[in-house]
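The block underneath contains the structure these notes are about, expressed in structure tokens.
Order of the sequence lines fixes the chain letters, A, B, ..., with proteins taken first and strands second; residue numbering starts at 1 for each chain.
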2 protein chains.
Amino acid sequence: MQSQVNRRSARPRPSSAVTLQQVAQDAGVSLATASRVLSDSDRNVTQELQERVLEAAARLRYVSNAPARALVQSTTSIVGLLVHDVNDAYYSAIAAGVMEVARDHKLLVMLAGTFHEPALQAEYVARLRAQRARAVILAGSGFTDGSPALAQELEAFAAQGGRVTAVAHQNLPVDTIVPGNREGGRAVAEHLAGLGHTEIGVICGPLALVSVQDRLHGFLERAAELGVVVQEHHRVEADFTRDGGRAAAVRLFRRSPGITALFALNDAMALGALAALRDDLGRSVPADVSVVGFDDLPVACDVTPALTTVRLPLEEIGRRALLLALGDATPSPRTLAVPSRLVVRASTAPPPRTTG
Amino acid sequence: MQSQVNRRSARPRPSSAVTLQQVAQDAGVSLATASRVLSDSDRNVTQELQERVLEAAARLRYVSNAPARALVQSTTSIVGLLVHDVNDAYYSAIAAGVMEVARDHKLLVMLAGTFHEPALQAEYVARLRAQRARAVILAGSGFTDGSPALAQELEAFAAQGGRVTAVAHQNLPVDTIVPGNREGGRAVAEHLAGLGHTEIGVICGPLALVSVQDRLHGFLERAAELGVVVQEHHRVEADFTRDGGRAAAVRLFRRSPGITALFALNDAMALGALAALRDDLGRSVPADVSVVGFDDLPVACDVTPALTTVRLPLEEIGRRALLLALGDATPSPRTLAVPSRLVVRASTAPPPRTTG
DNA sequence: GCACAATGGGAAAACGCTTTCAGTGCGGCT
DNA sequence: AGCCGCACTGAAAGCGTTTTCCCATTGTGC
């Protein structure tokens, strides 16, 4: 007895949406003709009929049913954008670049926040596959162990004709953008070593992240080349966030008070470190301790002292990522290197004299 | 003779996507049964068949064709989110709230950046209507003159069964979230007047924006009540950005050097003003000039001095906006007030003694 | 003036799915 | 034992498009 009620009330809606059929009727033409007028087909339609259809469509405020269209064409104008955290300036910047290209190409962007859960990442790719999205952009850095579930989903997506671009991922058989992480790490090492620092602390993000690994290894590599050894206990792993950076800085200085320079593997953590040095540790920057970040988020030049950091052209990365996915599929997978650049500001200086 | 060939080769792509038909075949059941198993219908299917279908689906990595599904159900799990600028922390925060609720409700979010062009706003609503989106959230503040094109599109969208929530809009016949803009403005007036400021400059965003108007009027209203008159030439209109705020601050102080407090109508502009005071005007904050912002973006506590501002619970606004759109449609349109709160930090202090 | 190509319009098929409707086999009741 | 009803499966209709196929009409060359 309840099934009746349920079934009725479950019926979604009258859905009074205007259909092409109605437009055709209103214009006094066939369905086929109306379709030809409104969906820039290559078939010609008489001026006269064309106008009648256009007018009817405008009058009825007709917009074509995208799902129906997608069904018959088996493609859509949707692209997916996967990020770890929507409310992170790093991803906002990338997203801005993506949106720009999307606007120019009349594409719709589906934004998916994975909330740092790897499982959600694969799930979203599956859903995007279900949507028959044209492309997916993995903006968030990948994990060094390469999640197999994600790889499988991407494979299925590609098999279906979807395009994929990954940013800072490893071992994924898709077009990949390689930001100058390693190179940026090297530049930081050079800068700090050049200033005369020898006791350098490093605040890492999750070591499982590809970009963390690249930045760290670039840094260690170049530091070693320059004769600066970063001791194991001068490195701490932290959340890739402001709070993570703050806590890590405190931990690090409690352990090794002699540190004169701090390299945080992204700006968010550097901001936290700055706060910790100022509020928790009472050290002044750059007089007592130099601080370097990574990414060059807009905030970097608004803090005091302005943060020395490595600039990654994030919007450009977003643009390139989508463009790559929109380009020829033939010589795939390709990789595209995007260079980074050290930006020296006020947060770095030579180490204090070892007053004795 | 050619028709044979054409029919095969004209098909857009092999589109090797797995269909439900194939799953059914693989499982040795009918299309209907497979559908019932995979689309949580209310009909029962034998344990045995259920397993066979599930197994086949997993083996073939089947995901249902969302457009096809949308076509028959005439609804989707898509919600649209319209913002003015993707790369603006204000919208990132709202978006984060929206994404959170979207994740919990298994919805897909289409993010549309209008790049401050009102025309794009209406166009995106139309495209979202074409997509049969379930709801649209207008996160960007509306214009006081209420764009008629947008209103029309929204009406059409609603007529089709779509839900709409607007944030800080006026005269739109849709559910609306009213952030405590006016109230926040009042709190700022009280704070500054209480400190003893009488020469207060205001850096406004575009006056056509509803939220700018609300913040400004709340401020002026309360200031007047407390006997503080903000002269016309102490108010400047600027871009709602950091650079806009910076330029405006310079302009304002050139014109009226006697100002002892500055109220920027959002944090981005306040940041610019801080930079201008420090780098261009050589005034110290808060000793010479007090500065107040609005929004309480995460940066606000990272700048020096930390910014006194009005906190708007942006993520909460995002969550509420989507929840509102997902709720009952019956008692619509509704309005939901979200309170703001003054957060006093280090950028405000009593005015300097009028040294004579 | 007539076969023939070219042009443009309309009927109908197909896209992949959900859901209705009609069936089939089975157990329980009188 | 026969019938009804129950529980399930499968065939088929339809969602709103695009696109094919076919037809009618017109213009063209001999």
Rounded distance (Å) that lies between atom P of dG16(C) and atom CD of Gln131(A): 16 Å

Between Thr335(A) and Thr176(A), do the side chains contain a donor N or O and an acceptor N or O under 3.5 Å apart? no

Kindly give the atom pairs (protein nitrogen or oxygen, nucleotide nitrogen or oxygen) under 3.5 Å for nucleotides 9-12 of chain C.
residue	atom	partner	partner atom	Å
dG9(C)	OP1	Thr46(A)	N	3.2
dG9(C)	OP1	Thr46(A)	OG1	2.2
dG9(C)	OP2	Asn44(A)	O	3.3
dG9(C)	N7	Arg43(A)	NH2	2.5
dG9(C)	O6	Arg43(A)	NH1	3.2
dG9(C)	O6	Arg43(A)	NH2	2.8
dG10(C)	OP2	Ser30(A)	N	3.1
dG10(C)	OP2	Ser30(A)	OG	3.3
dG10(C)	OP2	Thr33(A)	OG1	2.8
dG10(C)	N7	Arg36(A)	NH2	2.7
dG10(C)	O6	Arg36(A)	NH1	3.4
dG10(C)	O6	Arg36(A)	NH2	3.1

Looking at Glu55(B) and Arg52(B), is any side-chain nitrogen of the basic one under 4.0 Å from a carboxylate oxygen of the acidic one? no

Rounded distance (nearest 0.5 Å) linking atom CG of Asn87(A) with atom CD1 of Ile94(B): 10.5 Å

Salt-bridge criterion met for Glu123(B) and Lys106(A) (N-O under 4.0 Å): yes

Tell me the interatomic distance from Gln50(B), atom CD, to dA7(D), atom C1', rounded to whole angstroms. 14 Å

Tell me whether Arg61(A) is salt-bridged to Glu153(B), with the criterion being a basic N under 4.0 Å from an acidic carboxylate O. yes

Parallel, tilted or perpendicular: which one describes the rings of Phe143(A) and His84(A), with boundaries at 30° and 60°? tilted

Roughly how many Å is it from CG in Leu71(A) to C1' in dG16(C), rounded to a whole number? 5 Å

May I ask you to evaluate whether Ser35(A) reaches the phosphate of dT18(D), defined as a side-chain N or O under 4.0 Å from OP1 or OP2? yes

Can you check the Arg52(A) CZ to dG8(C) P distance for me, whole Å? 16 Å

Gln22(B) CD - dC17(C) P separation (whole Å): 9 Å

Mind calculating the distance between CG (Asn65(A)) and P (dC17(C)) to the nearest angstrom? 16 Å

Quick check: does any side chain N or O of Thr33(A) sit under 3.5 Å from a backbone N or O of Val29(A), one acting as donor and the other as acceptor? no

May I ask you to test the Val167(B)-Leu138(B) pair for a side-chain heavy-atom distance under 4.5 Å? no

Using a heavy-atom distance cut-off of less than 4.0 Å, which residues of residues 56-64 of chain B contact DNA chain D? none

Measure from CG on Leu20(B) to P on dC15(C) and round the result to the nearest Å. 14 Å

Could you check Arg69(A) against Ser64(A) for side chain to side chain donor-acceptor pair (under 3.5 Å), going step by step and ending with a plain yes or no? CA-CA 8 Å; Arg69(A) 201 172 190 150; Ser64(A) 81; 2.9 Å; yes

Roughly how many Å is it from CD in Gln21(B) to C1' in dC15(C), rounded to a whole number? 13 Å

